[in-house]
Amino acid sequence: LPPEKPTIIKCRSPEKETFTCWWKPASDGGLSTNHTLLYSKEGEEKVYECPDYKTAGPNSCYFDKKHTSFWTIYNITVRATNEMGSNVSDPHYVDVTYIVQPDPPVNITLELKKSTKRKPYLVLTWSPPPLADVRSGWLTLEYELRLKPEEGEEWETIFVGQQTQCKMFSLNPGKRYIVQIHCKPDHHGLWSEWSPEMYIEIPTDFRVKD
Amino acid sequence: LPPEKPTIIKCRSPEKETFTCWWKPASDGGLSTNHTLLYSKEGEEKVYECPDYKTAGPNSCYFDKKHTSFWTIYNITVRATNEMGSNVSDPHYVDVTYIVQPDPPVNITLELKKSTKRKPYLVLTWSPPPLADVRSGWLTLEYELRLKPEEGEEWETIFVGQQTQCKMFSLNPGKRYIVQIHCKPDHHGLWSEWSPEMYIEIPTDFRVKD
Amino acid sequence: PICPNVSGNCQLPLEELFDRAVKLSRYIHFLASEMFNEFDERYAQGRGFIEKAVNSCHTASLATPEDKEQAQQIHHEDLLNLILGVLRSWNDPLIHLASEVQRIKEAPETILWKAVEIEEQNKRLLEGMEKIVGRVHSGEVDNDIYTPWDGLPSLQLADEDSRLFAFYNLLHCLRRDSHKIDNYLKVLKCRLIHDNNC
């Protein structure tokens, strides 16, 4: 039998400069199957082949800067071929701006402070992921943080826009909190993974360092 | 004695369409002294005299739209003359692109709202200064707001980019806050003065109008 | 979804192309300003370069609008062609700037990196503008607006003061022209997309 239809799983760009697509190989019924990724650009007849099948690992195609344009929509298909014939995936349309998914923020710090009325508040600071930080202005990121008491069920999520620091007032002394942050390009694109969990304990008799 | 050398204090444009220069008159040693502002424009030999000494008050020269060009360096000098002779200021080089200082934002509104999790947050909205034509895209303004508890010392400043509204989450119930906003052209130019102080009290048991 | 009617014409809307062009031109001008300021602070203090930099940009001969009225009265196709002309005129100098700036004594990494980044992004903006012009223009894209640049020898002069002035002047012109492009793109976007109601 010819191979079944392969499916394109997703395409992602970490910094709006390059992107990678992954596909799920068609089940090959035991025959050796070969996959070819082909793409065309909006308004052009020409069909191109994947420039680099290696860099991003198996069943993937990596588009470097030279092959990445953010002025056009890509029409991408994958063809599976074995000795009995071939089969082509449904077309997958890609606009690089919509598939930007940055890495999580880094250098997260948590510091307990006391307001003038002796109430504890938490100051969080963080930095953009290294790849995006180098090009601030080209890739503008927005941040959202979430926290919950360690044994709590429900996360409280707070959108903080483009700031890289935030003050949290309503904290309960004696509680241990989990805090995470993630980021996303300001217009289109996808939220990054959450940063690793960080913990902070609000002491019951909280003394601030004078 | 001839007058001493006058000095050009500054030049400013409020809306990136006209501009005004001010000078400090030379000390005249009691003799009646006359001041003349002369300028030449990049790429032209011709020397012109100030088109309007009146509109912007004493010791000033007002350049209306017809006399204002951008991305062009003006070489401006002021000459002080009395019956004993005259003296010319150092040349003042100006590209109007870099001296735009808008008026403060107007129509500022503050409204308290409650988030889905019954947490109070403040919605601020404002409008660009009337003189600034942001509709045509010729001038693009960016805004920054600052707030602090009335009795507090430290302002918290938040850059909000080109938006004309902002939501403030981390507010302390029971506190009375002072809020101000100012604006600046998006690349070059100077921050406007801060808008007049506005006050808002965050009630302790805050009920939202359903 | 990116292509709502899969069978139909699947292309980026003009508004989206303009949004990206404005964002990119803003970024290029931000870099050009930072690079000029860093160079000015480090190499130009007290050398009176600004007086000599008057009327010496290689693109000065292009009749670009110099105030709001001119920018609003010019036909959008002419303004688009002028933007293309300015961008094209910077291709060559930016290639040499990126290589020659490496030879400046103790040139900080931040200037080196920006010169390379601007050269790349300028090409990217040129690609985008050609796409926009192709969409907006009824006729052929006007390819002959262009001003040659003959400044390479001055970037390689033996005399340090003259050579530094050549760099200062190129960065001063780059800051100016990238600001013009950013401004004109905003005016065009407000006119063509938002009916002058940005």
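Just so you know, these numbers use all the heavy atoms, side chains as well, and skip hydrogens, waters and symmetry mates. Below, read A as the first sequence line, B as the second, and so on, with proteins coming before strands; counting in each chain starts at 1. Just so it is clear, the model here is predicted, and its values are computed rather than measured.
- Between A:W71 and C:E130 there is no side-chain heavy-atom pair separated by less than 4.5 Å.
- At most 12 heavy atoms of other shown residues, nucleotides or ligands fall within 6.0 angstrom of atom CG in C:D150.
- Other residues, nucleotides and ligands contribute only 12 or fewer heavy atoms inside 6.0 Å of the CD atom of A:E193.
- Contact annotation: the side chain of C:R124 approaches that of A:E17 to within less than 4.5 Å [non-hydrogen atoms, C-beta and beyond].
- When side chains are defined from C-beta on, C:K23 counts as touching A:T140, because their heavy atoms get closer than 4.5 Å.
- Enclosure of atom CG in C:L157 by more than 12 non-hydrogen atoms of other residues, nucleotides or ligands within 6.0 angstrom is indicated.
- Contact record, A:F70 with C:L24: CE2-CD2, 4.4 Å, taken as the closest heavy-atom pair.
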List the atom pairs, donor and acceptor, that lie under 3.5 Å between side-chain atoms in residues 58-66 of chain C and the rest of the protein, sequence neighbours left out.
residue : atom : partner : partner atom : Å
C:H58   : NE2  : C:S89   : O            : 2.8
C:T59   : OG1  : C:D177  : OD2          : 2.5
C:T64   : OG1  : C:K180  : NZ           : 2.9

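- Around NZ of A:K24, the count of heavy atoms belonging to other residues, nucleotides or ligands within 6.0 Å does not exceed 12.
- Looking at A:D90, neither its backbone nor its side chain comes within 4.5 Å of chain C, counting heavy atoms on both sides.
- The pair C:K131-A:E42 counts as a salt bridge, with a side-chain nitrogen and a carboxylate oxygen less than 4.0 angstrom apart.
- Between the side chains of C:E16 and A:H188, a donor-acceptor pair is found at a separation under 3.5 Å.
- Under a cut-off of 6.0 angstrom, the local environment of CD in C:E69 is sparse, with at most 12 non-hydrogen atoms contributed by other residues, nucleotides or ligands.
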If you apply the rule side chain to side chain contact (heavy atoms under 4.5 Å, CB included), what do you find for C:Q11 with A:I73, and how did you get there?
CA-CA 6 Å; C:Q11 60 178 14; A:I73 290 183; 5.6 Å; no
